Amino acid sequence: MKIIMLGAPGAGKGTQAKMIADKYHVPHISTGDIFRANIKNGTELGMEAKKYMDQGLLVPDELTVKILLDRVGKEDCKEGYVLDGFPRTIPQAKVLDEALAELGESIDYAIDVDVPDENIVQRMSGRRACLSCGATYHLEHVPPQKEGVCDKCGNELVLRDDDKADTVLNRLKVYHDQTQPLIQFYETKGVLKTVDGTQAMEDVFQSIIAILEK
Ligand code: ADP
Ligand code: AMP
């Protein structure tokens, strides 16, 4: 089962990807999480990615594609995976397609978590992230048990630099310009499924299960 999560930043891709990964026992692969882990560890890749991420821009395709292809080539991806935040451009999608085609494989579902821009700013300004284990919370919708502390690993929760209001607007623009065309790309391939991402989290998940188990 190879799934791509599409949707604006803050639409709930990561939230749903984690639930899918848990239920179907496939890895959840987030390029954003990979970049953030590299930033935290001070790697060269992290330093390079941060320049773009802090401005709400996309990390260049050459860097991103290499990381993603290395990751999906690992043993734990043999039975499939959920990609969260990749692809984000048509060239990225084409490289992934070609790499899969060489193995005689293809993407099974591209699930677009549809949330209007008006709701996105609220979602992102309320998001709190654990940069240690990747868990995400929301001040109103998914508060942690203890304010500012990750339920899963006990580390500090932060407002991501790129979730600050100015950067969010840039990220939305970048989404519309560069990422939204992927909806048409996967529709043409016949694998696009759209779910209403404004529903409560569990309802969004039920809509996704209904698609995967049809
Ligand atoms: P993405 O991975 O698309 O950037 P996230 O999954 O991190 O988005 O979700 C963004 C924020 O919105 C998080 O704080 C998350 O807890 C919250 N959230 C996710 N899904 C929902 C939902 N269906 N209803 C309300 N809040 C949600
Ligand atoms: P995310 O955690 O998915 O919201 O990603 C955070 C940031 O990481 C994005 O705003 C981009 O700067 C960068 N990023 C993540 N995935 C990609 C990708 N597939 N292509 C380019 N940049 C990415």
Side-chain angles (χ1 to χ4, degrees), residues 4-21 28-40 45-46 48-69 71-72 82-96 111-117 119-131 134-144 150-151 157-164 167-175 177-179 182 195-208:
I4 287 173
M5 303 304 293
L6 295 175
K13 301 181 297 295
T15 301
Q16 298 300 325
K18 284 178 191 137
M19 292 162 93
I20 297 170
H28 161 221
I29 301 175
S30 153
T31 36
D33 282 352
I34 296 174
F35 289 136
R36 280 184 291 277
N38 275 275
I39 292 172
K40 189 160 179 271
L45 167 69
E48 186 60 22
K50 188 170 165 33
K51 289 194 235 161
Y52 300 92
M53 291 169 74
D54 282 352
Q55 299 177 67
L57 299 174
L58 296 183
V59 177
D61 287 344
E62 308 82 74
L63 269 186
T64 311
V65 159
K66 185 179 176 316
I67 286 162
L68 193 276
L69 292 184
R71 179 65 190 89
V72 297
V82 193
L83 300 186
D84 159 19
F86 186 99
R88 260 182 160 99
T89 64
I90 297 278
Q92 289 181 13
K94 287 188 172 160
V95 173
L96 176 63
I111 301 176
D112 179 30
V113 183
D114 187 27
V115 174
D117 286 6
N119 304 29
I120 290 293
V121 178
Q122 194 263 5
R123 288 265 178 106
M124 285 161 98
S125 59
R127 172 158 63 186
R128 292 295 177 273
C130 173
L131 298 182
T136 46
Y137 301 83
H138 190 281
L139 292 180
E140 274 172 50
H141 309 296
V142 199
C150 179
D151 293 348
L157 298 178
V158 295
L159 173 67
R160 279 167 40 182
D161 284 341
D162 62 346
D163 279 350
K164 294 182 179 149
T167 315
V168 167
L169 296 180
N170 268 349
R171 291 172 71 196
L172 266 177
K173 181 174 182 334
V174 166
Y175 168 74
D177 290 349
Q178 300 192 54
T179 307
L182 290 172
V195 294
D196 174 3
T198 63
Q199 303 172 91
M201 239 172 265
E202 191 52 43
D203 296 334
V204 179
F205 188 49
Q206 289 307 321
S207 309
I208 293 177

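What you see is a predicted model, and the numbers here were worked out from it, not measured in a lab. Counting starts at 1 for both ligands and their atoms, in listed order. For the numbers below, each heavy atom of this structure counts, side chains included, while hydrogens, waters and symmetry mates do not.
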Identified salt bridge (Lys or Arg N to Asp or Glu O under 4.0 Å) counterpart of D163 within the set R128, R171, R36 =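 Among R128, R171, R36, the one that satisfies the salt bridge (Lys or Arg N to Asp or Glu O under 4.0 Å) with D163 is R171.
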request  = Could you tell me the residue and atom name of the protein heavy atom closest to atom 7 (O) of ligand 1, and the distance to it rounded to 0.1 Å?
outcome  =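 Ranking protein heavy atoms by distance from atom 7 (O) of ligand 1, first comes R127 NH1, 2.6 Å.
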ask   = Which residue supplies the protein heavy atom nearest to atom 15 (C) of ligand 1, what is that atom called, and how far is it?
value = T15 OG1, 3.9 Å
query = Can an N or O of R128 be found at a distance shorter than 3.5 Å from an N or O of ligand 1?
reply = no
query = Could an N or O of ligand 1 be found under 3.5 Å from any N or O of V204, whether backbone or side chain?
reply = no
request  = Would you check if there is a donor-acceptor pair between the side chains of D61 and T89 at a distance under 3.5 Å?
outcome  =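 Distance-only check passes for T89 and D61.
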task = Return yes if a side-chain donor-acceptor contact under 3.5 Å exists between T167 and Q55, otherwise no.
result =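 Their side chains do not contain a donor-acceptor pair, so the 3.5 Å distance test is not met.
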Partners meeting salt bridge (Lys or Arg N to Asp or Glu O under 4.0 Å) with K173 (sequence neighbours left out) = D177
task = With heavy atoms of G14 as the reference, note each atom of ligand 1 found under 4.0 Å away.
result =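 Numbered from 1, ligand 1 contributes 1 (P), 2 (O), 6 (O).
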ask   = Which atoms of ligand 1 sit under 4.0 Å from any heavy atom of Y137?
value = 13 (C), 14 (O), 16 (O)
request  = Output the distance between atom CE (M19) and atom CD (Q16), rounded to the nearest 0.5 Å.
outcome  = 5.0 Å
message = Heavy-atom contact check, 4.0 Å cutoff: does Q199 meet ligand 1?
response =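 Heavy atoms of Q199 do come under 4.0 Å of ligand 1.
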query = Strictly under 4.0 Å, does any heavy atom of A200 approach an atom of ligand 1?
reply =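 Contact present.
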query = Between T179 (side chain) and R88 (backbone), is there a donor-acceptor pair under 3.5 Å?
reply = yes
message = Using a 3.5 Å distance criterion without hydrogens, assess whether the side chain of Q178 forms a donor-acceptor pair with backbone atoms of I90.
response = no
task = Not counting sequence neighbours, which residues clear ring pair (Phe, Tyr, Trp, His ring centres under 6.0 Å) with H138? List them please.
result =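 In terms of ring pair (Phe, Tyr, Trp, His ring centres under 6.0 Å), with neighbours along the sequence ignored, H138 is linked to H141.
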List, pair by pair, the atoms of ligand 2 and of the protein that are both N or O and lie under 3.5 Å apart, giving the separation rounded to 0.1 Å.
residue	atom	partner	partner atom	Å
ligand 2	2 (O)	R36	NH1	2.9
ligand 2	2 (O)	R36	NH2	2.8
ligand 2	2 (O)	R160	NH2	3.4
ligand 2	3 (O)	R88	NH1	3.0
ligand 2	3 (O)	R88	NH2	3.1
ligand 2	4 (O)	R88	NH2	3.3
ligand 2	4 (O)	R160	NH2	3.1
ligand 2	4 (O)	R171	NH2	2.8
ligand 2	12 (O)	L57	O	2.6
ligand 2	16 (N)	T31	OG1	2.8
ligand 2	16 (N)	G85	O	3.3
ligand 2	16 (N)	R88	NH1	3.0
ligand 2	19 (N)	G85	O	2.8
ligand 2	19 (N)	Q92	OE1	3.0
ligand 2	20 (N)	Q92	NE2	2.9
ligand 2	22 (N)	V59	N	3.0

key: Residues K51 and D54 bridged, charged N to O under 4.0 Å   = no
query = Counting heavy atoms only, which of R123, H141, K18 is nearest atom 22 (C) of ligand 1?
reply =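 Nearest heavy atom to atom 22 (C) of ligand 1 lies in R123.
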request  = Compare A8, G12, G10 and give the one whose heavy atom is closest to atom 4 (O) of ligand 1.
outcome  =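 It is G10 whose heavy atom sits nearest to atom 4 (O) of ligand 1.
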Partner residues of N170 under the side-chain hydrogen bond (donor to acceptor under 3.5 Å, both in side chains) criterion, sequence neighbours left out = none
query = Between V142 and ligand 1, which part of the residue brings a heavy atom under 4.0 Å of the ligand: side chain, backbone, both or neither?
reply = side chain
task = Please report the closest heavy-atom contact between A17 and H28, naming both atoms and the distance.
result =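 Distance-wise, the nearest heavy atoms are CB-CD2, 3.5 Å.
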